Amino acid sequence: MKISLFYHGRVVGRLVLLLAVLFDSSAAFAAEQEGGRERLSLNRGWYFHLGDVPMAPIRGHSESYMNAKAGNAPGPAGREFDDSEWRRLDLPHDWAVEGPFDPNENISQGYRPRGISWYRRYLRVEESDRGRYFELQFDAIATHATVWVNGNVVKRNYSGYNASYIDITPYIRYGDAMNTIAVKVDATQMEGWWYEGAGMYRHTWLVKANPVHIVTDGLHATPRLESETLEGGKWSIPVEVTLNNSGENLQTVTVEVTVTAPNGKQVAKQSGNVTVPVLGEAVAKLPVTIQSPALWSHEQTNLYRVNAVVKHGKRVMDEIVLSTGFRTVRFDSQQGFFLNDKHVKLQGVCIHQDHAGVGVAVPTSIWEYRLRRLKELGVNAIRFSHNAPAAEVLDLVDSMGFLVMDENRNFNPSPDYMQQLEWMVRRDRHHPGIILWSVFNEEPVQASEVGYQMVRRMVAAVKALDDTRPVTAAMNGGFFSDLNVSHAVDVLGANYQVPDYDRFHAARPEMPFTSSEDTSAFMMRGEFTTDYDKNLIASYDEDFAFWGNSHRDAWQAVATRDYVAGAFVWTGFDYRGEPTPLAWPSVSSFFGIMDLNGFAKTAYYIHRAQWVKDEPQAYLAPHWNWAGKEGQTIPVLVMANVDKVQLLLNGKSLGEQVVDPFQMNTFDVAYQPGKLEVIGYSSGKEVVRNSVETTGKAVAVQLVPDRKALVGDGFDAMPITVQAVDAKGRVVPTNNSLIHFEISGAGQSIGHGNGNPNSHEDEKGATRHLFNGLAQLIVQSHYESSGNITVKASSPGLKTAKVSIPVKKVAAVPYVASQTAPNVHLSDWRTSPVASQRPDPTQKVADNDMNSWGWGQPPFMSQAKGETAPARYRLYRTNFTPRKNLARGDGELFIGDVVGRVEVWLNGELLYKKDKVRKQTLRLPIPKGEGNRELTFLLEDEGQDNAVIGGPVIVQPKGKK
């Protein structure tokens, strides 16, 4: 089996869930390389600067004039900015999670400092690639971003959640004249009221393709049922392939589409010709028909591959493969949700995208862990709130079997924001897991005509791209006004508003209805006493927001109403920021069914008892370590899905209760150390047994890796549970020891957490306290690594734990090699008129004179073609600022292929004079000093031999070959 985790919806290869989450890069990229397309990771080798870079004010005519010219961006946006002292790092990167906590910062952002940062990278493109199409792909940057290539602004992006696809073909320089990519990230901007991270936190790619190529997200393959019934159903995929031609000639190409079933058998094929205009697009429409396909569902994730190949004659120009699935979705106003004509109650959660230790820069394999935890919980639906997730997450969703509400971030039908919505739909519409598009969350204008008109336009934009799914909006009120958002959508999404469920259904019985967000209950893992003065909240499911409900009440309201399609609990996991109902020192939320690590709270067992139908469940809360409370009453919550439960303490029965499937069961127990046990019965027979025990004191640290091995591709990562155990190996649920980590070998730590919303520890440091017995360390393999990652965890007074995790050698994900700061190729030159008398090389050109001197770049000649004597002289001039490492006397000017009489002047001083005709390459030391340098060449024609500088002029380290 193979799994392709890092390739978007355009992925080559079907996602097949493996516990090991292996990424077979050679298989994943083979089809694209054979088709003339390369998609290369651009994650490695970025320069990073935290904070803005002050820019000198623009003064004078010349500076003003040049500032407005293409390719002449100043400062860190420019080609030749000195970033030699910046930090080197690899992406993805969230710099906010690296920062300290500050009570003066925004509570909703988790009290983390935000602001502005810069990223720069160098890119070498070989001459052999001249004529190809080049595209930068940024999967997401938080929050607003401006991108420059070789000093040209190529993109301004106004959301931290959408991808940017940037055609950089016209700006590319080839060979030694490398390219500069600069990204300014403005994270002072916020789009949400939760932790959003900061920086280039998703993957970055470089696409190289033939001039005629399929545009990104240009393969549209969303199946639809053509017959009236599923039984023996006839389906079509109205495939559309959008092509672009960056070349210089009109091209007529053949597009072939094939569909492959999950068993590898080809089930459909279609082809046709299309003519693609120069610098234009064309769409090939190639519908295919499939009879009785294997259906996709959350239980059977049958995925088909749709392959589009572009050919010119026999030559393959491009190839794209994506996966899709055949299924029907229907929301009924009386009976709820139907998948493939079968009723399914949506057992859903809302989730944000940050995780312990890594912020929002979450590796795909950690996403797999998070989704696996949800699957074990009994979740069948996810609302990615309130933004589009990473594309690889949706690939996992399809493979693992989740139903998704895909939600737009910015509510605004103006062009800039409509593009974000359309991008999401275009990218995601082939995913069978997506069952709803959501255009907003909780907008104040939702009850007004303004809200209605805005939504109406956004719904129309969605339907124009995909009419196979209903559209919703998550409303937290305003249902009953005469004209509101609910009149413009297909399904009403209600956030909370439980008292209005029945009232709305009575008023609008024709309207399908789902809870799009509910519960908002508060818990801290392992805490069982609420003390708001100490920022502690118990895990008894008795604390919840005044607008919300307990986990038990919220699900009962949904489960007992057939017309309510399902629930999306707020939230599946804790997340940074929004520490409602508390504030500093609390820095992350209390809402999660699980904590920030994915460790279970009591809510996990409540919902598992409610949602897992095919396996008997019985759980107990709290733990049973209550030293000093002997004889005192401890409330015990029993969570079960059986008929009856019996509670025993040290073998003695404390009574039986008939199970309440919604409210669960409570026993008041006088505490005695020992073993508290629950036995579950169905039809009079014991079917499940569970217990909690009083442990001894902690004697050792224990490390429990989530998986047996990693792959050495530099992407794969895994969580390791860190816990303290007693002499019998039992986890001590009250231990909060300080753990020190040492990681060596074929990988590294990328962060850690403990699930304590009040913790202010450095998530990237070498130490972390356990919180109520647990913490989590995340390790990731190095690029091109093999062998083992060794993790050592120690704590004073406890036995040290050590674990060795095998790292399997695999082919590298194709990538663009890192580049150090390049030599500077001086290319922007002023050219004087030819003169018959020797001009003064130090002469000044008036600041407002943009025309008497021309513009040029090597090769330089004393007389241009067509010029005749008596003109004998010409000046060439440019300015440069050497990098700090070259300004200390370690730099040189490399001047290639110099013929004839040439003088080299630097800052008004003669640096070198050449009197010989023969060709030479000059290497001239750059005098020590700071600041800008003015470089001038004086070329003299001796009558028969033109003076020429034919090669490049480069600022480089001394002696570099």
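All residue numbers refer to positions in the sequence shown, counting from 1. Keep in mind it's a predicted model, so treat the numbers as computed, not measured.
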Cut-off 3.5 Å, side chains only: do [X] and [Y] have a donor facing an acceptor?
X: Asn549; Y: Thr519; result: no
X: Thr529; Y: Asp531; result: no
X: Asp543; Y: Thr530; result: yes
X: Tyr195; Y: Asp94; result: yes
X: Asn387; Y: Glu196; result: no
X: Asn641; Y: Gln617; result: no
X: Gln672; Y: Glu630; result: no
X: Asp668; Y: Thr633; result: no
X: Ser588; Y: Asp574; result: no

[X] and [Y] ion-paired at < 4.0 Å:
X: Asp102; Y: Arg112; value: no
X: Asp541; Y: Arg552; value: yes
X: Arg768; Y: Glu761; value: yes
X: Arg707; Y: Asp716; value: yes

Hey, mind stepping through Asn495 and Asn441 against side-chain hydrogen bond (donor to acceptor under 3.5 Å, both in side chains) and telling me if it holds? CA-CA 9 Å; Asn495 287 10; Asn441 175 71; 2.9 Å; yes

Going by the side-chain hydrogen bond (donor to acceptor under 3.5 Å, both in side chains) test, name the single residue among Tyr201, Tyr575, Trp367 that passes it with Gln353.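 Of the listed residues Tyr201, Tyr575, Trp367, the side-chain hydrogen bond (donor to acceptor under 3.5 Å, both in side chains) partner of Gln353 is Tyr201.
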
Check Gln723, His355, His752 against Gln776 for a side-chain hydrogen bond (donor to acceptor under 3.5 Å, both in side chains) and give me the one that passes. His355

Centroid separation Trp555 to Phe662 less than 6.0 Å: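 Centroid distance Trp555-Phe662: not below 6.0 Å, so no.
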
Are His352 and Trp570, when compared by the centres of their aromatic rings, separated by less than 6.0 Å? yes

Identify the residue among Lys675, Glu677, His623 that makes a side chain to side chain contact (heavy atoms under 4.5 Å, CB included) with Glu693.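 Single pass found, and it is Lys675.
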
With Val638, which of Asn690, Leu620, Thr666 fulfils side chain to side chain contact (heavy atoms under 4.5 Å, CB included)?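 Result: among Asn690, Leu620, Thr666, Leu620 is the only option passing the side chain to side chain contact (heavy atoms under 4.5 Å, CB included) with Val638.
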
Show the numbers, then the answer: is there a side-chain hydrogen bond (donor to acceptor under 3.5 Å, both in side chains) between Tyr496 and Ser520? CA-CA 9 Å; Tyr496 313 103; Ser520 275; 2.7 Å; yes

So which of Phe544, Phe546, Phe591, Phe590 actually passes ring-ring contact (aromatic ring centres under 6.0 Å, His included) with Phe522?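 When ring-ring contact (aromatic ring centres under 6.0 Å, His included) is applied between Phe522 and each of Phe544, Phe546, Phe591, Phe590, only Phe591 qualifies.
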
Say you draw a straight line from CG of Asn756 to CG of Asn736; how long is it, rounded to the nearest 0.5 Å? 8.0 Å

